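Have a look at the structure below, then the notes.
Remember, predicted model here, so these are calculated numbers, not experimental data.
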Amino acid sequence: MRKYLLSAGFALLVAATSLSMTAYAPPAHASEIKYIVNDVPVTSYDIQRRAAFLKLQRRKGDAGEEMIEQTLRQAEMKRLNIRIPDKQVDDAYARFAASNKLQTAQMDQVLAQAGVTSGHFKEYIRTQIGWNQALSARFRAETGGSGGTSEQDAVRRMLQQGGAKPSATEYMLQQVIFVVPASERGSIGKRKREAESMRGRFNGCEQTREFAKGLLDVTVRDLGRVLAPQLPPEWADQIKKLKAGAATPVRETERGVEFIGVCSSREVSDDKVAQMVFQAEGAGKGDNAKADELSKKYLAELRTKARIVNR
């Protein structure tokens, strides 16, 4: 379930693969406020962009209702302090363009011709990623972090499979953060070069703090032992490719720029590992429906508490 929730938002992006360079552009009209959602205006311009997006996807839907729901999701993301960096959005946009065999400039053109605009699509992407994180947090809160597979379930499945316990890689990790306040994002290029330089010297976790001495606003965190199924999804693929003493590429985050070093790794097998491995294997097998149900329930609650004014 957890794995699905962390990737579910992009399923909506895949639905938009029917892009056409001959898509129509709707006529421009003066923008006016149509709804006010928790003091946030939803304009006719926003709704027109979403209507064009629905047409481009060849998907039926109410553009006004979709924009109300997007505004509710964004408000919840803000409440939960979920911030999606521009780079993460731009990377997702570029991957989506590539999946449609387009350069980003061509993608910009398609969306502009369709009346969607790249800005509207990127905000849609940002909201889907953030809502995904909100859903994941909600799911963990409702299940106590178990992900729906208890250790008893895992033992039962092991007996069904002849008693063999699945194994997983256990990592000792260290996180290095070059802090960049929001007000200083213009200097992030310099900080990224500093982080790249330090990453190039990384060959284990013993000397990281020594390397960080004399550097301004650098945080080194020992993350301790982390099993492969527990790895943060945005780092998991990169970490799994590494050997001990190596570090992930530097990436921009809401905190600044950072990388994660692998101090050590080993294969382990016990009942807790079995629980997590079986949980990960079950992701996507019936969990799509569960995630959709949770999303609808969550959104309905937000809507009940919201102040929505029809103008």
Side-chain angles (χ1 to χ4, degrees), residues 5-21 23-26 28 31 34-35 37 40-59 61-136 180 182 185-186 188-189 192 233-234 251-257 295 299:
L5 288 172
L6 291 168
S7 61
F10 287 100
L12 294 175
L13 301 182
V14 174
T17 54
S18 57
L19 298 176
S20 169
M21 293 297 289
Y24 92 112
S31 182
K34 290 294 187 179
Y35 305 97
V37 182
V40 177
V42 175
T43 69
S44 57
Y45 178 86
D46 301 323
I47 295 171
Q48 288 165 7
R49 303 289 77 73
R50 182 51 54 89
F53 187 36
L54 289 171
K55 185 175 181 66
L56 189 63
Q57 292 176 287
R58 298 174 185 171
R59 179 167 63 89
D62 186 314
E65 285 298 308
E66 286 212 0
M67 289 310 302
I68 290 172
E69 291 183 355
Q70 177 166 303
T71 306
L72 289 172
R73 289 185 176 106
Q74 290 172 339
E76 182 68 358
M77 288 161 54
K78 184 176 181 180
R79 187 185 73 82
L80 296 172
N81 200 30
I82 295 173
R83 295 184 178 89
I84 309 303
D86 289 344
K87 186 177 186 302
Q88 188 175 354
V89 174
D90 290 341
D91 288 348
Y93 182 82
R95 287 195 298 272
F96 183 74
S99 72
N100 284 279
K101 300 181 180 179
L102 296 171
Q103 300 294 323
T104 53
Q106 293 174 309
M107 184 76 167
D108 292 345
Q109 183 183 0
V110 169
L111 293 172
Q113 288 179 338
V116 179
T117 76
S118 60
H120 184 87
F121 187 37
K122 286 182 179 181
E123 196 59 25
Y124 173 83
I125 293 173
R126 188 190 309 278
T127 305
Q128 292 300 327
I129 297 172
W131 181 246
N132 228 16
Q133 293 183 17
L135 279 177
S136 181
V180 182
R185 284 281 159 166
I188 201 164
K192 195 169 185 178
E234 64 271 25
R251 63 182 297 169
E252 294 182 25
T253 69
E254 66 275 10
R255 292 175 291 270
V257 292
S295 181
L299 194 60

Show your working on side-chain contact (heavy atoms from CB on, under 4.5 Å) between D90 and K122 and close with a plain yes or no. CA-CA 7 Å; D90 290 341; K122 286 182 179 181; 3.2 Å; yes
Begin with the C-alpha distance, continue with both residues' side-chain angles, and end with the deciding distance and a verdict on side-chain contact (heavy atoms from CB on, under 4.5 Å) for T117 and Y45. CA-CA 11 Å; T117 76; Y45 178 86; 4.1 Å; yes
Should W131 and L72 be marked as a side-chain contact (heavy atoms from CB on, under 4.5 Å) after you check the CA-CA gap, both sets of side-chain angles, and the distance that decides it? CA-CA 10 Å; W131 181 246; L72 289 172; over 6 Å; no
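Sorted by first then second residue, the salt bridge (charged side-chain N to carboxylate O under 4.0 Å, His left out) pairs that include residues 68-78, not counting sequence neighbours, are E76-R79.
Closest approach of I125 to A92, counting heavy atoms only: CG2-CB, 3.8 Å. Between V180 and R185, the shortest heavy-atom contact is O-NH2, 3.6 Å. Across all non-hydrogen atoms, the minimal contact from A63 to A51 is CB-N, 3.5 Å. The two residues S44 and S31 make their nearest non-hydrogen contact at OG-CA, 3.3 Å. Of all heavy-atom pairs between R83 and P85, the closest is O-CD, 3.5 Å.
In this structure D91 satisfies the salt bridge (Lys or Arg N to Asp or Glu O under 4.0 Å) test together with K87, sequence neighbours excluded. Qualifying side-chain contact (heavy atoms from CB on, under 4.5 Å) partners for Q103, counting only residues two or more places apart in sequence or in other chains: Q106. Residues that satisfy the side-chain contact (heavy atoms from CB on, under 4.5 Å) test with R255, not counting sequence neighbours, are Q175, I177, T253, E258. With sequence neighbours left out, the side-chain contact (heavy atoms from CB on, under 4.5 Å) criterion links E66 to R50, L54, R59. With sequence neighbours excluded, the residues forming a side-chain contact (heavy atoms from CB on, under 4.5 Å) with R126 are I84, D86, V89, E123, listed by chain and number.
Using a 3.5 Å distance cut-off with no hydrogens or angles, the side chains of D46 and Y35 do not pair a donor with an acceptor.
Of the possible donor and acceptor atoms, one in the side chain of S99 sits under 3.5 Å from a partner among the backbone N and O of F96. Side chain of R251 to backbone of E234: a donor-acceptor contact under 3.5 angstrom is found.
Here the side chains of V116 and Y124 are not in contact, with every heavy-atom distance at 4.5 Å or above. At least one side-chain heavy atom of M77 sits under 4.5 Å from a side-chain heavy atom of T127.
Other residues, nucleotides and ligands contribute over 12 non-hydrogen atoms within 6.0 Å of the NZ atom of K192.
Q48 contributes atom CD, which lies 11.0 Å from atom NE2 of H120 (distance to the nearest 0.5 angstrom). In this structure, CG in L102 is found 9.0 Å from CG in L111, a value given to the nearest 0.5 Å.
Between F121 and F53, the ring planes lie tilted relative to each other; the angle falls in the 30° to 60° range.
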